[in-house]
Amino acid sequence: MGKVFNELSRVQLPAVVHLMKLGYNYISYKKRRTDFDLDNNIIVPIFREQFSKLNSNTSEEDFEKEYQNIKLELNFDDLGRSFFNRIQGQGNSQYRLIDWDNFDNNSFHMAIEVPCINGEEEFRPDITIFINGLPLTYIEVKQPNAPRNGMTGVKSEFERMTTRFKNKKFRIFHNITQLIAFSDNMDYSDDDGQQMQGSYYATTSLGKAVFNSMHEERYGELVDQIGTVSEEEVDYILKDANKIVLKNTAEFKSNCDINTPLNRFLTSLYTKDRLAFFLRFGIVYVDATTKDGKPTIQKHIMRYPQYFATRKISEKIDEGMKKGVIWHTQGSGKTALAYFNVRYLKYKFQQNNLIPRFYFVVDRLDLATQASKEFRKRGLTVKLISSKRQLNEAFAEDIAVVNIQKVNEDTDLTNKSGYALNIQNVYFIDEAHRSYNEKGSYLPNLYNADKNSIKIALTGTPLISVDGKNSKNSRATTREIFGDYIHKYYYNQSIEDGYTLRLLREEIATSYKKKLSDVLSSISGEVEKGSLDKTTLYSHPHFVAPMLEYILNDFTKSRDIYDDQTIGGMIVSQSSAQAREMYKQFMRKRELGETTLTASLILSDENDKETRAKEVDDFKSGKTDLLIVYNMLLTGFDAPRLKKLYLGRMIKAHNLLQTLTRVNRPYKDFKMGYIVDFANISHEFDKTNHAYFEELNQEYNSNTTDEDLENIYGSLFVPASEIESSLENARIILAEYTTDNLEQFSREVSETPEKKDLLELAKTLRELKQYYNVSRLMGYIDLTSQINELEVAKLLTVVTNRIATLNLLSNAKDDSSEKLLKLAMSKMDFSFKKVGEAELELAANDFLDRQRKAASALGHNWDQTDPEWVSLYDEFTRILQKQHIGELTAEETQINTTALDHIIIQINNLNARNRKLATAFGGDRKYARTYKHIIYSQKKKMPSSVREEPGLYRVMKRSKQEIDDKVAKNQNMVENQGYFTNESIATIRNSSRQEKVEIAPAQVRAVSQLLTDEYGKELEAIGV
């Protein structure tokens, strides 16, 4: 008999056991189904009890009124903002729903497979977690190396989640959910942020969500919070899931270890203190606009570097810190980090009877406006200080945004109210690598405005000594000015986490380099040597013309290659004079009809501030194709659609990194941002990158084909000696793997870095599998037994799934073939039969919708040997074949759609009957299938209810408890089919006597044999 090796044994039930170790109580959904409000999955009795506990002197009427208000709010089209405010104590409620100050005072429950149902639409999270009976978070798990739909399991789950978010029928469930976790129980892969495997968390969304990894930095504070579970508790979980056979398997025990990737992730996120922090301080609603300018809502959750940075800031302040540096790479969300700290530090200071005043300090007017906008979008009240007089005035807003140039020698930010208030000023100093010069007056003015202030500097590229400390251009470093690093998060981590993209430096064509060189020489020769400076040379019309021509051709071609006409480009000019000449020539090309592209010229002395701001917004929203700049927008400018950067001048040190990363924001399915290098920055970049790497660490190919298609096995009729030799060779190879524990073997396979080693292993296992069949055929009983003990088929499945996963990871990193395919497709012409286009399109959409629903319903059926299911599946396949043969009219498509409607009705009815039968057996599908097929063998018709044979039902129901108890005590009985059959026969006969129901001996044997098969299949992970 084989071993259980599936999603239940490897991830779902081990996760439940681990959550119990973290203090969550398991609750049986099927036993307490009536306690759940099916509209929203709130466990009403628990919620009522906790409500009374947290709100003394309230009546049942108070609870009912509050509950009705909650149900009303959950129907709002606001992504749950009203409900979120309510549980935070900020909504239209006078009651406490969660005890945030003493989080352990709440109740913590979890359940598996709790359905989220609205009409015919349904999804079932693997694990739902309830706080005070409220389903605030759920977990989706996938077994390792299980590709689906051409994607890894985790990636496929992300796609499915995006579809769910867009489905308005699930609005209530999305509105009440605050946190969603995903895991395939694997370590993160080196896939440049493609998020192909590992563990992630997100919050809800109206569309595509952001999925965040979790790289633990403080495991030491968590490990002591992991408790233990009793055998009785484990038995209860497994029995409730009808999977008691898992209990004593090596794989299940391995996956219950606290150090599996999944369980480490759960510890990081669901330890109660952590969960409380994320739910209370780590979620924010952001007011945004759609592409067409309509208002919408986004919901964001703290990224893990923001969380750990916030914790470090708080601790450093407790230690008496007055200044320090947050080094978080560009694109990591430093404005959001400041927002989260305002919320958390305000709470912390108030606990210590301090009144905090927060300032966000910038060094450019446009950044002040931008920061104010970002804070307001997140719900903070903002005072945008526009004069030095305003700076000295007290303010009641959550935060003040100020340009550092407004701070003069007379600025006094200390308490001047005349009241004995304990005020603590906190400055967040943005872009701390720029013009905060220690030799200038602005920074000393800020420091002296309140010498007791706390100064937190934010930068993605701190000033460091790139050319050496004794360089004539050296100046004080960021660390020398603002203090030690509080927390660091470098750009390689950001790329790994998918927050930013890799960069690809594109060499310009050799022929073009030669052309520019010739043009430059001809320009220089027009006048005497030395009479033209570099700026004049590079801004000469003869030089700019071929450069602009190359850029426009390259940009247009890039849009075709990437199959995306929405991407934008930025031209970084050698000088403002070159920028103006380039824009002049560009507009001339538009007048002559030589290009349909659009562009804006952004210079500090070109147009007024309002005009520049509008042109920048137009670019961000996709109304403008290209930006032509010199010094502006090279830092602090965030436009995800910007994917092509044409670098026309040399930029050094931190400014270079700032400029290059304008194109590193995630956008659609892009895997990198592209730099077209006219200035040959490679040496400067290498030098800068090396210097930053040193600063960061100061403190502290294969071309092998996947398959060998040659017949390596030789003749079928091989001597026993050859099989013995092959087996011995295989044993040597397999000696490096733990083959008697499938879970450990799977981990070892996943940790094997070389694909060629996995290919060799797969080849060995494939050969063993072939020899197993040969030895059986030839009657080599001893060899057959030896090979069979290795469970070759299961080992081979693990290896081939890992190879498939690696192929997906490899494809994710190499998009050259993808670009070629897109380019080829863009050149093809497709023709369609056009008979009422709009009508045909609507008909096709209806068909696809019914196809999805029918496929989903057929797939959810758990008795696919049922003759009715087989018939419906055959009909479904026939309709699909009919739909996809030839060109159909709207009328023909509608006929096929109607046929699918009939299938959907029938399969939903069949699934409903099956659900009722399973419910009668406590949700155990093994017994429901057995009951169905016993009746079918007698009547040639599947039963629709246990009422058709109530006596048999009662006997089987009574037998189930006794058989499960025996299996819990002795799992080996399932592996011994003869023993299991005899035990079940005795149990059924005994139940028959107790129920006083006569069952013929033949029927007893038939029931016993079917149950033997069902338990055996469950153990082999076939009938999951």
Side-chain angles (χ1 to χ4, degrees), residues 1-33 109-114 124-129 139 141 143 185 227-258 260 262-263 266 741-743 862 918-919 921-930 956-976 980 983-984 987 1011-1024:
M1 189 71 70
K3 298 176 181 177
V4 177
F5 198 58
N6 55 54
E7 188 171 290
L8 275 166
S9 69
R10 304 183 73 188
V11 280
Q12 186 180 19
L13 294 179
V16 170
V17 171
H18 190 74
L19 287 166
M20 289 189 74
K21 295 176 184 177
L22 297 178
Y24 295 85
N25 299 305
Y26 181 81
I27 189 170
S28 171
Y29 173 73
K30 61 187 179 185
K31 292 179 180 177
R32 296 188 57 177
R33 186 174 306 173
H109 293 87
M110 61 175 160
I112 60 174
E113 308 291 342
V114 177
R124 291 173 179 254
D126 292 317
I127 303 170
T128 304
I129 289 179
I139 303 164
V141 291
Q143 64 174 320
N185 201 20
T228 58
V229 292
S230 67
E231 281 205 33
E232 290 76 16
E233 289 173 317
V234 175
D235 285 353
Y236 181 76
I237 294 169
L238 295 180
K239 285 184 181 180
D240 189 62
N242 295 310
K243 294 295 179 288
I244 192 64
V245 294
L246 297 180
K247 181 180 178 183
N248 296 310
T249 62
E251 289 74 24
F252 179 67
K253 291 180 178 179
S254 293
N255 282 305
C256 288
D257 187 282
I258 65 173
T260 66
L262 168 58
N263 290 340
L266 293 176
N741 183 327
L742 284 172
E743 186 57 45
W862 43 258
T919 300
F921 287 101
D924 197 328
R925 296 171 181 176
K926 300 189 298 295
Y927 282 80
R929 277 191 293 265
T930 299
M956 288 181 62
K957 183 71 182 292
R958 177 180 286 273
S959 300
K960 171 177 159 49
Q961 181 64 48
E962 188 175 341
I963 292 173
D964 278 352
D965 287 341
K966 289 180 178 179
V967 171
K969 295 174 183 175
N970 177 20
Q971 184 208 312
N972 292 332
M973 68 178 286
V974 180
E975 299 178 356
N976 187 331
F980 186 93
E983 283 292 304
S984 59
T987 301
L1011 288 177
T1012 300
D1013 292 342
E1014 284 285 351
Y1015 276 88
K1017 288 176 183 178
E1018 185 170 89
L1019 194 61
E1020 293 174 343
I1022 295 174
V1024 181

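With rounding to the nearest 0.5 angstrom, the CD atom of Glu233 is 12.0 Å from the CG atom of Leu238. The line from NZ of Lys966 to CD of Glu983 is 4.0 Å long, rounded to the nearest 0.5 Å. For the atom pair Ile129 CD1 and Asn25 CG, the distance stands at 11.5 Å (nearest 0.5 Å). Taken from CD1 in Ile237 to CG in Leu246, the straight-line distance is 11.5 Å, to the nearest 0.5 Å. Considering CD1 of Ile963 and CE of Met956, their distance stands at 8.5 Å, rounded to 0.5 Å. From Lys21, atom NZ reaches atom SG of Cys256 across 6.0 Å, with rounding to the nearest 0.5 Å.
Checked by atom type and distance alone, the side chain of Asn242 pairs as donor or acceptor with a backbone atom of Gly923 at under 3.5 Å. Side-chain N or O atoms of Asn255 include one that pairs as donor or acceptor with a backbone N or O of Glu251 at under 3.5 Å.
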**OP:** Go through the steps to decide whether Asn972 and Glu975 satisfy the test side chain to side chain contact (heavy atoms under 4.5 Å, CB included), and finish with yes or no.
**Re:** CA-CA 5 Å; Asn972 292 332; Glu975 299 178 356; 3.9 Å; yes
Subject >> Candidate pair Asp126 and Ile139, rule side chain to side chain contact (heavy atoms under 4.5 Å, CB included), full reasoning >> reply: CA-CA 6 Å; Asp126 292 317; Ile139 303 164; 5.8 Å; no
Subject >> Residue pair Ile112, Tyr26: steps toward the side chain to side chain contact (heavy atoms under 4.5 Å, CB included) verdict >> reply: CA-CA 9 Å; Ile112 60 174; Tyr26 181 81; 3.6 Å; yes
**OP:** Please lay out, stage by stage, how Ile258 and His18 fare under the test side chain to side chain contact (heavy atoms under 4.5 Å, CB included).
**Re:** CA-CA 7 Å; Ile258 65 173; His18 190 74; 3.8 Å; yes
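Between Glu1014 and the options Lys926, Arg929, Arg925, a salt bridge (charged side-chain N to carboxylate O under 4.0 Å, His left out) holds for only Arg929.
Looking at Asn263 and Thr260, their side chains do bring a donor and an acceptor atom within 3.5 Å of each other.
Legend: residues meeting salt bridge (Lys or Arg N to Asp or Glu O under 4.0 Å) with Lys239, ordered by chain and number and at least two apart, are Asp965. Partners of Arg32 according to the salt bridge (Lys or Arg N to Asp or Glu O under 4.0 Å) rule, which considers only residues two or more places apart in sequence or in another chain, are Asp35. The side chain to side chain contact (heavy atoms under 4.5 Å, CB included) test applied to Ala15 returns Ile127, Leu262, Leu266, not counting sequence neighbours.
With a 6.0 Å cutoff to the six-membered ring centre and a 45° limit on the axis angle, Lys247 does not count as a cation-pi contact of Phe252.
In this structure, Tyr927 and Tyr1015 have perpendicular ring planes: the angle between them is above 60°, well past the 30° mark.
Contact detail for Phe980 and Thr1012: the closest heavy-atom pair is CD2-OG1, 3.3 Å. Closest heavy-atom contact between Tyr236 and Ser28: OH-CB, 3.6 Å.
Between Lys30 and Glu113 there is no salt bridge, since none of the side-chain N atoms of the basic residue sits less than 4.0 Å from a carboxylate O of the acidic one. A salt bridge links Arg10 with Glu743: the closest approach of a Lys/Arg side-chain nitrogen to an acidic carboxylate oxygen falls below 4.0 angstrom.
Residues Asn248 and Lys253 form a side-chain contact, since some pair of their non-hydrogen atoms from C-beta on lies under 4.5 Å apart.
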